[in-house]
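Throughout, protein chains are lettered first and strands after them, A, B, ... in sequence-line order, and every chain is numbered starting at 1. Quantities reported herein were computed from a predicted structural model and do not represent experimental measurements.
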Protein chains: 2
Amino acid sequence: MHEPTTGAAGEPSPEDPRKNRPAEPKPGTAAWWLARENEPARRRRRRSLTLDAVLDTAMALLDTRGVAALTMRNIAEGLGCTQASLYRHVRNREELVTLLIDRAISVASSAPPDDADWVGKAAWSARLFRDHLLRHPGVASVLRGTERLGPNSLAGVQYSLDLFIGAGLSPRLAYAAASSLATFVIGSVHFNLGLDASDPKESRHRRLLYRSRDPAAFPLIVQHADTLAEVSGDDEFEIGLNALLTGFRALIQSPGNTRDQDAERGEACSRS
Amino acid sequence: MHEPTTGAAGEPSPEDPRKNRPAEPKPGTAAWWLARENEPARRRRRRSLTLDAVLDTAMALLDTRGVAALTMRNIAEGLGCTQASLYRHVRNREELVTLLIDRAISVASSAPPDDADWVGKAAWSARLFRDHLLRHPGVASVLRGTERLGPNSLAGVQYSLDLFIGAGLSPRLAYAAASSLATFVIGSVHFNLGLDASDPKESRHRRLLYRSRDPAAFPLIVQHADTLAEVSGDDEFEIGLNALLTGFRALIQSPGNTRDQDAERGEACSRS
DNA sequence: ACCTGAACACCGTTCAAGT
DNA sequence: ACCTGAACACCGTTCAAGT
């Protein structure tokens, strides 16, 4: 066989007529997680090299040397084995990254503030999650795209559902609210990723850039250059987080909180 | 010289003592955009091969064959030149991607709905942006990390500032609101990226996965499996968008809308 | 002044061959 | 049954040499 390495030419044969299994599912999808659980223990027969060991060194590599160093060769070197051995525990690099991501999300288990109301708890959890990602930029940089269906991700979903349903949202709205919140947290970390995190020079450069724009094309940017340049990633996050939670609270006070009535659509947007 | 290709070992020498210029700025930062404008026209002397041509074919490649095919070799092949020629117009691949991203964001120029209020206009723009990204998954998959300081990104900022300041927010809050909204839109697209976009099978697989979870660990997920599996990416987006805009409107009705009083912090979160 | 050929130092992945 | 050596088909980037 020896197929070409990267399928850049448009996925030639989605189904192999020889074999009967239907074109292995993409890592991270529900089908992939399910298939992985049903396949009993073909791999990882408590040998010297385990999947956990692979993920451990991969995680250490990601944390210490960044995403560019997360290489099959480097992982193998860290384990003292050859790169080919890794493929006995993992189908390919994407699968490894998918497993790594779910493993890196295990932070929601930290103690929630018990005396706060549900909005306070949600805000606290969101900040905790964000801080965790900011402390592990490698994880954040690899977090996109993949679904959140792994055990640790699901623990976060369970926690959020508990919180939002307890507050009075329908299961459907609670799930959407939890997803939106997670999306916002991860997105906000992504945007602060390339900036060397609160480099004092960056604010000055942004002020210079805003000031030197064409006033005809960007009047408000030029006019408020100094103010805009001072807004930090933390400020943005807090304001967006607050707005989201305010919106969720408003959702509860409108009809359709315990039943599912699709009351959330066209409620505040005045779609005309 | 012939330095190692990837600086995986921790950025050895941040400053070269020979030359006097201070360690070229990272593509996408304010310093980078500024430096790029001040360097007059050393490159691109209206030769046969122009930067625009490079970006055009890169864009076409990204759209038709995806991010995995966005390769210096493929771009060169599309242009009929050698890969080394590309480096006369672009410092490296990251710079090319940065320029490509800003170019791919030129969608805000589309007609805004004139009879809607500011919330309606913001929602409309957000949906427009999201649809644009969903139609160009390659762009979305490459969108992370880099700052939004290029001309097309700034046009979006200018538009949003106009909208939110006109609605009554302070410049500071207007900027943070615009950034939060953009973060949410991009993030929500990122999360729907790996799913083959509304594959009917995916919903079924998610239902199976939710149902088969351990009820002791994930009681709410098991209990509401069918409901959760039916929530689509569109639903999530609409609910989150609505919440954000509701939150922004609440910000206006609280004290500190025309002045900057930091009234947005600790307002609804009841941080204890 | 511009472009090229050819190389360098990497990648992910596969597979026959060893033990 | 497990692991390895060696290869394949790619990468981004550089640079002396051509014109």
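Separation of atoms CE (Met72(B)) and CG (Asn74(B)) is listed at 11.0 Å; rounding is to 0.5 Å. Distance check: Ser85(A) OG to Ile75(A) CD1 gives 12.5 Å after rounding to the nearest 0.5 Å.
For the pair Arg93(A) (side chain) and Leu70(A) (backbone), a donor-acceptor distance under 3.5 Å is present. The backbone N or O of Val54(A) lies less than 3.5 Å from no partner atom in the side chain of His89(A), so there is not a single donor-acceptor pair.
Across dC11(C), dG12(D), dT13(C), the shortest atom-to-atom separation from the side chain of Thr71(A) is found for dC11(C). Looking at the side chain of Leu49(A), the nearest of the listed nucleotides dC11(C), dC3(C), dC3(D) is dC3(D).
A close approach under 4.0 Å does not occur between any side-chain nitrogen or oxygen of Arg88(A) and OP1 or OP2 of dC2(D).
A donor-acceptor contact closer than 3.5 angstrom is absent between the side chains of Trp32(B) and Glu24(B).
Taking a cutoff of 4.0 Å between a charged side-chain nitrogen and a carboxylate oxygen, Arg135(B) and Asp63(B) do not qualify as a salt bridge.
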Notebook entry, point to check: Reading DNA chain C 5' to 3', what string of ( ), [ ], | and . shows its pairs, if Watson-Crick and G-U wobble pairs count only when both distances fall under 3.5 Å?
Noted result: ||.|||||...|||||.||
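Within a heavy-atom distance below 4.0 Å of DNA chain D, the residues of residues 77-86 of chain B found are Gln83(B), Ala84(B).
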Checklist line | Intermediate values then yes/no, side chain to side chain contact (heavy atoms under 4.5 Å, CB included), Ser179(A) and Arg148(A) | finding: CA-CA 9 Å; Ser179(A) 294; Arg148(A) 32 237 136 138; 3.8 Å; yes
